[in-house]
Number of protein chains: 2
Amino acid sequence: MATGRTHRPATRSRGIPEATVARLPLYLRALTALSERSVPTVSSEELAAAAGVNSAKLRKDFSYLGSYGTRGVGYDVEYLVYQISRELGLTQDWPVVIVGIGNLGAALANYGGFASRGFRVAALIDADPAMAGKPVAGIPVQHTDDLEKIIEDNGVSIGVIATPAGAAQQVCERLVAAGVTSILNFAPTVLSVPDGVDVRKVDLSIELQILAFHEQRKAGEESASGDGAHPAAAARKESADQGPDGDVPAVMPA
Amino acid sequence: MATGRTHRPATRSRGIPEATVARLPLYLRALTALSERSVPTVSSEELAAAAGVNSAKLRKDFSYLGSYGTRGVGYDVEYLVYQISRELGLTQDWPVVIVGIGNLGAALANYGGFASRGFRVAALIDADPAMAGKPVAGIPVQHTDDLEKIIEDNGVSIGVIATPAGAAQQVCERLVAAGVTSILNFAPTVLSVPDGVDVRKVDLSIELQILAFHEQRKAGEESASGDGAHPAAAARKESADQGPDGDVPAVMPA
DNA sequence: TGCTGTGAATCGCTTCACAGCC
DNA sequence: GGCTGTGAAGCGATTCACAGCA
């Protein structure tokens with residue numbers, strides 16, 4: 001137990017702010033779309049609009065990576081795609097295991113965006129013996145008993161937990177003991193992990209509760225400002241920050 | 001219930017920081033677990049540990065809601081559960097529609113945590129005519145053509161988008177035009193919405209990319225500190241901030 | 001001229017440390 | 001003595017505004 005204040009300046013090593021790291025994937029997606037349309041260059045203004053952030057923030061973000069733009073012109077799309085991919089570590093392939101092949105786990109396994117960029121589903125693992133061998137998304141499900149062997153054989157360092165809440169902590173411990181150092185947790189539980197292991201979580205009901213809070217507030221205000229009333233087609237605004245991204249806390253730092 | 005409620009929330013629910021709102025669901029979950037175990041009171045220290053945050057932050061968070069604790073003692077569990085639920089708007093029922101009943105949409109529909117607290121799946125909507133009438137999680141899927149009618153008939157103000165990226169913006173516009181003012185977006189796209197509509201997004205591949213960044217960094221450092229090597233059973237640390245929660249940007253404000 | 005890159009100002013959240021009350 | 005509630009300090013992220021360069 002870490003009682004002794006292990007004060008670590010959070011983001012040590014390379015000085016890219018967490019908030020910036022969390023936005024890089026957004027930029028990358030926007031850039032990839034531009035690349036597919038063979039657009040050669042973009043201005044910070046255009047790219048920011050496509051990524052749903054403001055341009056000053058984007059320029060500041062990029063300034064942490066280096067000086068990849070050209071004054072008076074903008075950014076070379078292909079070059080930026082490469083630089084960001086490299087920065088995010090997507091130029092290599094990351095084998096990933098998914099543990100817990102229920103509804104959600106199966107949906108994740110089938111999710112296309114997985115393989116698309118740098119990630120590969122190396123194995124599916126479930127505790128139900130009846131699932132063993134059954135293929136999901138073309139990959140045979142393996143039993144939890146073999147978890148350690150699977151992790152080691154495939155050199156997996158990223159694990160996805162999609163088990164029920166009750167099983168998550170134990171699965172987490174086995175993953176970590178077997179060598180996994182990054183975990184994406186879909187189970188509605190707080191995971192305890194040793195230093196050096198990163199955890200990110202995705203939780204539907206938390207997101208809904210946050211929306212409900214704001215929804216309730218809207219209902220309470222009701223017609224404070226003059227406009228409002230007709231949300232339909234009219235003015236549209238690029239949402240400044242959608243959801244859990246622009247976030248900061250991100251990962252538990254090593 | 002009701003121990004020290006001598007005070008009224010002097011600071012009416014105006015200025016609750018987004019970061020605090022994003023943590024309330026976490027506290028609520030921890031408190032609910034305590035409640036089920038019939039624990040009558042908790043200290044900020046204990047509750048903070050259960051929620052995976054630090055105790056000063058928790059106390060500060062609660063101070064925005066009012067003075068619900070008792071000095072020298074702690075917080076009354078039942079009373080706090082009620083206060084936080086009320087603050088989050090969970091004392092009322094929120095009908096929710098899910099649009100896009102593919103793998104993910106179906107998994108969401110089946111997700112238990114949905115109904116558990118304040119939310120009810122009012123309808124499932126899909127563009128595929130072949131899906132129409134087919135029950136998923138006991139609820140018959142309806143066709144997109146009837147989207148507007150469904151929203152209005154059920155008084156839905158929260159929508160979940162689980163469609164492919166290409167369809168998301170259009171679905172979003174129809175939801176908003178029909179009266180939805182909060183959207184949870186699972187499609188990997190930036191949604192444009194009018195002022196007054198909140199959007200939160202959940203994106204698997206973004207989370208993975210953020211993990212990959214840190215993973216790559218770890219591989220680069222390698223052997224900076226002496227220990228390492230045996231991540232197994234030893235020291236375990238309550239992750240300070242797991243994933244997209246402790247976040248701030250949250251919702252696009254009205 | 002136009003757009004990037006960045007110091008400086010600002011904002012908001014977190015953390016500290018202790019006063020206040022049980 | 002113990003634990004909450006909170007002013008104040010600290011810190012990171014955002015935003016501003018403009019210098020610098022193609």
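To find a chain, count down the sequence lines: A is the first, B the second, and so on, and within it residues start at 1.
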Enquirer: For A:T70 and for A:K60, find the nucleotide of DNA chain C with the closest heavy atom, then tell me which residue's nucleotide is more 5'.
Expert: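 Result: A:T70.
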
Enquirer: Measure from CG on B:D61 to P on D:dT6 and round the result to the nearest Å.
Expert: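 Rounding to the nearest Å, CG of B:D61 and P of D:dT6 are 13 Å apart.
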
Enquirer: Measure the distance from CD on B:Q83 to P on D:dT4 and round it to the nearest whole Å.
Expert: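 To the nearest whole Å, that distance equals 17 Å.
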
Enquirer: Closer than 4.0 Å, any side-chain N/O of B:K57 to the OP1 or OP2 of C:dT15?
Expert: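 Affirmative; the distance criterion is met.
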
Enquirer: Would you find a donor on one side and an acceptor on the other, under 3.5 Å apart, between the side chain of B:T70 and the backbone of B:V73?
Expert: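 Looks like no, no N/O pair under 3.5 Å.
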
Enquirer: Expressed in angstrom and rounded to an integer, what is the separation of B:R23 atom CZ from C:dG12 atom C1'?
Expert: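 The distance from CZ of B:R23 to C1' of C:dG12 comes to 12 Å, rounded to the nearest Å.
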
Enquirer: So does B:Q170 have more than 12 non-hydrogen atoms from other groups sitting under 6.0 Å from CD?
Expert: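 12 or below, so no.
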
Enquirer: Decide side-chain hydrogen bond (donor to acceptor under 3.5 Å, both in side chains) for B:Q169 and B:E173; before the verdict, give the C-alpha distance in whole Å, the side-chain angles of both, and the deciding distance to 0.1 Å.
Expert: CA-CA 6 Å; B:Q169 179 62 43; B:E173 285 166 21; 2.9 Å; yes

Enquirer: Check every atom of D:dG20, D:dG5, C:dC13 against the side chain of B:S63 and return the nucleotide holding the closest atom.
Expert: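 So the nucleotide nearest the side chain must be D:dG5.
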
Enquirer: Return the nearest nucleotide to the side chain of B:A19; candidates are D:dG5, C:dT14, C:dG2.
Expert: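 Taking heavy atoms from C-beta onward, the closest nucleotide is C:dT14.
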
Enquirer: To the nearest Å, give me how far apart CG (B:D76) and P (D:dT4) are.
Expert: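 Value for this atom pair: 13 Å.
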
Enquirer: Just how far is it from atom CG of A:D198 to atom CZ of B:F213, taken to the nearest 0.5 Å?
Expert: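 So the gap between those two atoms works out to 10.5 Å.
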
Enquirer: Atom CD of A:E46 to atom C1' of C:dG2: distance rounded to whole Å?
Expert: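 Taking atom C1' of C:dG2 as the reference, CD of A:E46 is at 12 Å.
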
Enquirer: Nearest-nucleotide wise, let me know which of A:G72 and B:G72 is further upstream toward the 5' end of DNA chain D.
Expert: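 Nearest-nucleotide comparison on DNA chain D picks B:G72.
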
Enquirer: Kindly say if A:Y75 contacts the phosphate of C:dG5, meaning a side-chain N or O under 4.0 Å from OP1 or OP2.
Expert: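 Answer is yes, contact under 4.0 Å.
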
Enquirer: Has A:N54 got a side-chain N or O lying under 4.0 Å from the OP1 or OP2 atom of D:dT15?
Expert: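 So the side chain of A:N54 is within the cut-off, an N or O lying under 4.0 Å from OP1 or OP2 of D:dT15.
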
Enquirer: OP1 or OP2 of D:dT4 sitting under 4.0 Å from any side-chain N/O of B:S44?
Expert: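 Yes, because at least one side-chain N or O of B:S44 sits under 4.0 Å from OP1 or OP2 of D:dT4.
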
Enquirer: D:dC3 P sits how many Å from B:L80 CG, rounded?
Expert: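 Going from CG in B:L80 over to P in D:dC3 covers 16 Å.
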
Enquirer: Taking for each residue the nucleotide of DNA chain C with the nearest heavy atom, is it B:R59 or A:G74 whose nucleotide lies nearer the 5' end?
Expert: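 Upstream on the strand: A:G74.
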
Enquirer: Using 0.5 Å steps for rounding, measure from the CZ atom of A:R23 to the CG atom of A:D61.
Expert: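 Answer rounded to 0.5 Å: 4.0 Å.
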
Enquirer: Rounded to the nearest angstrom, tell me the gap between atom CG in A:L65 and atom C1' in C:dT4.
Expert: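 Atom CG in A:L65 sits about 14 Å away from atom C1' in C:dT4.
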
Enquirer: For C:dT14, does either OP1 or OP2 sit under 4.0 Å from a side-chain N or O belonging to B:Y64?
Expert: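 For C:dT14, neither OP1 nor OP2 has a side-chain N or O of B:Y64 closer than 4.0 Å.
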
Enquirer: Between atom CG in A:L58 and atom P in C:dT6, what is the gap in whole Å?
Expert: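 It works out to 14 Å between those atoms.
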
